[in-house]
Protein chains: 2
Amino acid sequence: MSHDTDDNKVRYRRTQSVTRAEEITKKESKERKSQPDKPCHRPRDSLFSWSSGFDNFTGLVNWGFLLLTMGGFRLVLENFIKYGIRVDPVQWFVVLTGRNEGQGHPSLLLILYSIVPILICLMVEKGLASEVIMESAGMIVHVVNILVLVLIPMVVIHVKGQAFSLVGAMTVCFVYCILFLKMWSYVQVNLWCRNQYKHSRKRSGRRQSISIAQLQNEREHDQPGRQNGNGVATGAEKDKVPKLVHYPDNLHLKDLFYFLLAPTLCYELNFPRTSRIRKRFLIKRILEVVIGVHIVMGLFQQWMIPSVKNSLVPFSNMDLTKMTERLLKLAIPNHLMWLCFFYLTFHSFLNLMGELLHFSDRNFYSDWWNANNIDTFWRTWNMPVHKWCVRHLYIPVVEMGYSRISASVFVFFISAFFHEYLVSVPLKTFKIWAFMGMMAQIPLSFFSKFMEKQYGSRCGNIVVWASIILGQPLAIMMYYHDYVITHYNDVLV
Amino acid sequence: MSHDTDDNKVRYRRTQSVTRAEEITKKESKERKSQPDKPCHRPRDSLFSWSSGFDNFTGLVNWGFLLLTMGGFRLVLENFIKYGIRVDPVQWFVVLTGRNEGQGHPSLLLILYSIVPILICLMVEKGLASEVIMESAGMIVHVVNILVLVLIPMVVIHVKGQAFSLVGAMTVCFVYCILFLKMWSYVQVNLWCRNQYKHSRKRSGRRQSISIAQLQNEREHDQPGRQNGNGVATGAEKDKVPKLVHYPDNLHLKDLFYFLLAPTLCYELNFPRTSRIRKRFLIKRILEVVIGVHIVMGLFQQWMIPSVKNSLVPFSNMDLTKMTERLLKLAIPNHLMWLCFFYLTFHSFLNLMGELLHFSDRNFYSDWWNANNIDTFWRTWNMPVHKWCVRHLYIPVVEMGYSRISASVFVFFISAFFHEYLVSVPLKTFKIWAFMGMMAQIPLSFFSKFMEKQYGSRCGNIVVWASIILGQPLAIMMYYHDYVITHYNDVLV
């Protein structure tokens, strides 16, 4: 516990090299050290002075996270003191099952009705494959069918608005959106296959059939056991592995329903499969979904609803200081819920579906938390949609001869439309905040790239996080404000 | 913008080595890739699954600091909305100059009076050196003189309590504490020197005088220019460097006053010196002190006082939930002020004094923010006091034959006494919260060391930060509560 051991603990980079002058100082200090007054001082700079060259501030990361945890805990306490316990599981049950819907569960009926366009789609495909239906006529039916699919919830919810609960209407819109994307993919992939199928048949009947037989033969010999991290194929399993399916053998109901349930939006004829269902993995995911849904519901009732309600008056009066304060207060629970929702949906639920369906591509999200610009974030946070956009929108548009930038803007435009659709239709308020929010991503993308180039990747990452944390509550406030203004104007004096 | 480039961006460690099975998978996927349906899926695990081996979460550090900044900004806004602007520079002037003190500025008089014990101390030392005063008698006078020094503010403030302002009383106690430590050091160092001086004179008059002459001679040849980061000595300066001072040549008023003003508590005969005053450095430190004092005063009025007042009722009613909430709310401004105060005192002010006095040892603090246990924190945050404790308390106690642990406990005990002294005397409420707080550091130290060993240095560091952030506001609340209970009991219904 002498001074020297303490000094040694502070290992700071010496920017100056050891010079003769230093040696002299050493010699001198040796002489001073031998004095009877036990000297304990020596020439040194303070650590905060630039000349000390000290730069070890790793403890501050712990400091930051501790303050964050404490701040969060205090907010939770404050919330309980202010509002008491608002969590009410009975309410969740009512909301989830849509008990407060009109008689006959219109949401459920609407979701069940979606079987009709699916069957139309499959029948048209079968007709096209067997050349019973003309190519052009078939494509028109497909387009009309898919467009009608998207319009059904808009019209039904608009006309019979009172009969739908909010959660019910949102579920319907969500299901129809996914069906739209999946059916688009199904039709387009089948078109690609049909084109090649017809093309190869046209070229030469005999040569082709031989080469197909050859291919088939090779495949039988080479066919390996499928394997990956999910499950290792054994030698015995090798023989059981089904051969690759070829067009038009894929056109049957079982294949289509597998695709509709599978955790992907991109159709293909031979999805990579796992060899077995890992029971422990499955149980973990089920528990996550069950517990996670309760946590999100609880957070929503306890934290989100009071925060949103409290911010109504400042937003109405356009009081900028109070608006900012409310927005920042709302941002924390909203962001927390979004993180929970992200994990629940993209990790727990999609992995659960994948495990049940032996679907082995679990690339549902990439490392968006490290994204250094907005573009990277949009490319990584939602991989199923991103893959669909690239495969069925971006590449086809580029192949049609448009530039990459206009293709990107087009993708953003379609994406903005669906964001608006998913918010406006259930809320029955056709405002354009979600659409504007999505379109604002384009200038924001340029800004974040500029920040990344100018001030390094850390700065770009902070811009991305700020847009995630602040953008969403802003949009929520705008919708809630307009919703209340429209429906209960008398609340605001 | 194809899928593969996106996948490449996600560089995750593959825990499994490349096996034959993987090669087969590659071959298979090659065959699948050649299909007309443009397959875009391949077997992969999600990044959150352990089997993916992914561990790059660097973006989360940015996330944490962004949330922290936002939360802090929101608290500032909330504070302004709730309390308006409370900063009032006129009030600062009154508090700082002690205008609300009784007639005659008792604090100032008391500080000026400290010259008396200083002069007594110097005269006794001179008497001891010239052997006019007996060794034992001199030491008794020293001890009485130093003890009376500490007792003066206690008695005067207790008797004439109404005449002192809080800031005035605190300044007096602070100055007398520092004088106590400095004079203890002065007396002890002179005792060491005197012992050696007498010892060497006793051994042999002639041999010693020769060797001293030799030493003097050598010194004149070897004497190098002192240099360090603060100022580089040139060849011309070499000759100007004063020779080492030897006992009893140090016993004069100028030397003593230099020590009393110097930013250290440990006396030695030859302090390391800088060759020049760096003007830019000096101006920066002066600006920091001037601006920093205003920031701290502003924070105190605007944030601290309302927070402390608001936490009074919960603390009085012992409502645990509300107490915790108030404590956490108070912790943030208090911690921020403490950080400002630390920087102001230990970096700005002490460096300013050092620069003015050509004092070149600027080791006023070490990297306590990286401390992994409480012991390290106490050894690093306040280097002048730590050095004093080791040199004048810990080592002498160990040399007296006590164990290291009991020496440490003794140091903590003395330290606890002075903490209590600095708080209780100005507040005129003799409670033992500060004393208990300091003594609680001993079990806390064992706890933090246990956490460090059991869960790694990061955990130890978090324990240290938590004790800094939470311990202080707890002590403040306790004192404030007792202060109000004693003086204005009718405030609490």
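Computed from a predicted model, the values in this text were never measured in an experiment.
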Worksheet item: Where on Gln196(A) is there a heavy atom nearer than 4.5 Å to chain B: the side chain, the backbone, both, or neither?
Response: side chain
Worksheet item: So what's closer than 4.5 Å to chain A heavy atoms on Ile468(B): side chain, backbone, both or neither?
Response: neither
Fill in: Distance flag, aromatic centroids of Trp192(A) and His392(A), threshold under 6.0 Å
yes
Worksheet entry | Per-residue contact mode, Leu66(A) against chain B (heavy atom under 4.5 angstrom) | side chain
Worksheet entry | Gap between atom CZ of Phe57(A) and atom CG of Asn370(B) - 0.5 Å precision | 8.0 Å
Response to the item:
Most heavy-atom pairs under 4.5 Å with chain B, out of Lys322(A), His335(A), Arg458(A), Glu325(A), belong to Glu325(A)
Fill in: Proximal component of Leu327(B), with respect to chain A [non-hydrogen, under 4.5 Å]
neither
Response to the item:
Honestly, the part of Glu78(B) sitting under 4.5 Å from a heavy atom of chain A is both
Discussion item. Please report the interatomic distance CZ(Phe346(B)) to CG(Asn363(B)), rounded to the nearest 0.5 Å.
Written reply: 11.5 Å
Discussion item. Tell me if the aromatic rings of Phe48(A) and Phe54(A) count as close, with their centers under 6.0 Å from one another.
Written reply: no
Worksheet item: When you check the gap from the basic side-chain N to the acidic O, do Arg44(A) and Asp361(B) get nearer than 4.0 Å?
Response: yes
Worksheet entry | Ile81(B) portion near chain A, given a 4.5 angstrom heavy-atom threshold | side chain
Worksheet item: Does the ring of Phe364(B) carry Arg362(B) above it, NZ/CZ under 6.0 angstrom from centre and within 45° of its axis?
Response: no
Worksheet item: Under a 4.5 Å heavy-atom cutoff, which of Val61(A), Asn461(A), Leu191(A), Val76(A) has the most pairs with chain B?
Response: Asn461(A)
Worksheet entry | Which of Gly71(B), Cys193(B), Gly72(B) touches chain A most, by non-hydrogen pairs under 4.5 Å | Cys193(B)
Discussion item. Report which part of His347(B) has an atom under 4.5 Å of a heavy atom belonging to chain A: side chain, backbone, both, or neither.
Written reply: side chain
Fill in: Proximity breakdown for Ser457(B) and chain A, heavy-atom pairs closer than 4.5 Å
neither
Fill in: Proximal component of Ala371(B), with respect to chain A [non-hydrogen, under 4.5 Å]
neither
Worksheet item: Using the benzene-type ring in the case of Trp, are the ring centres of His246(B) and Tyr197(B) under 6.0 Å apart?
Response: no
Discussion item. Would you say that Glu268(B) contacts Pro39(A) through its side chain, given a criterion of any heavy-atom pair below 4.5 Å between the two side chains?
Written reply: yes
Practice prompt. Determine whether Leu265(A) and Ser185(A) make a side-chain contact, defined as any pair of heavy atoms from C-beta on separated by less than 4.5 Å.
Written response: no
Fill in: Largest heavy-atom contact set with chain B, pairs under 4.5 Å, which of Leu60(A), Ile332(A), Asn62(A)
Asn62(A)
Discussion item. Could you tell me if Asn190(B) and Asn250(B) have a donor-acceptor pair between their side chains, going purely by distance under 3.5 Å?
Written reply: yes
Discussion item. Heavy-atom cut-off 4.5 Å, strictly under: side chain, backbone, both or neither for Thr324(A) against chain B?
Written reply: both
Practice prompt. State plainly whether the residues Arg285(A) and Glu288(A) are in salt-bridge range, i.e. N to O under 4.0 Å.
Written response: yes
Item to complete: Below 4.5 Å from any heavy atom of chain A, which atoms of Phe65(B) appear? Answer side chain, backbone, both or neither.
Response: side chain
Discussion item. How long is the straight-line distance from CZ of Phe281(B) back to OG1 of Thr274(B), given to the nearest 0.5 Å?
Written reply: 10.0 Å
Response to the item:
Whatever's closer than 4.5 Å to a heavy atom in chain B on Leu75(A) counts as side chain
Discussion item. Out of Ile469(A), Asp37(A), Leu77(A), return the one with the most heavy atom pairs under 4.5 angstrom to chain B.
Written reply: Asp37(A)
Worksheet item: Can you tell which of Arg74(A), Arg194(A), Arg326(A) has the highest number of heavy-atom pairs within less than 4.5 Å of chain B?
Response: Arg74(A)
Item to complete: Go through the atoms of Leu350(A) and report whether side chain, backbone, both or neither lie under 4.5 Å from a heavy atom of chain B.
Response: neither
Discussion item. Is Leu269(B) close to chain A through its backbone or its side chain, or both, or neither, when contacts mean heavy atoms under 4.5 Å?
Written reply: both
Worksheet item: Among side-chain atoms of Thr380(A) and His386(A), is any donor-acceptor pair under 3.5 angstrom?
Response: no
Discussion item. Can a donor-acceptor pair be found, under 3.5 Å and without considering hydrogens, that links the side chain of Trp369(B) to the backbone of Trp63(A)?
Written reply: no
Worksheet item: Pick from Leu68(A), Val189(A), Thr264(A): which one has the most heavy-atom pairs with chain B under 4.5 Å?
Response: Leu68(A)
Item to complete: Please flag which part of Tyr247(B) lies under 4.5 Å from any non-hydrogen atom of chain A: side chain, backbone, both or neither.
Response: neither
Fill in: Toward chain B, the part of Thr69(A) with a non-hydrogen atom under 4.5 Å
neither
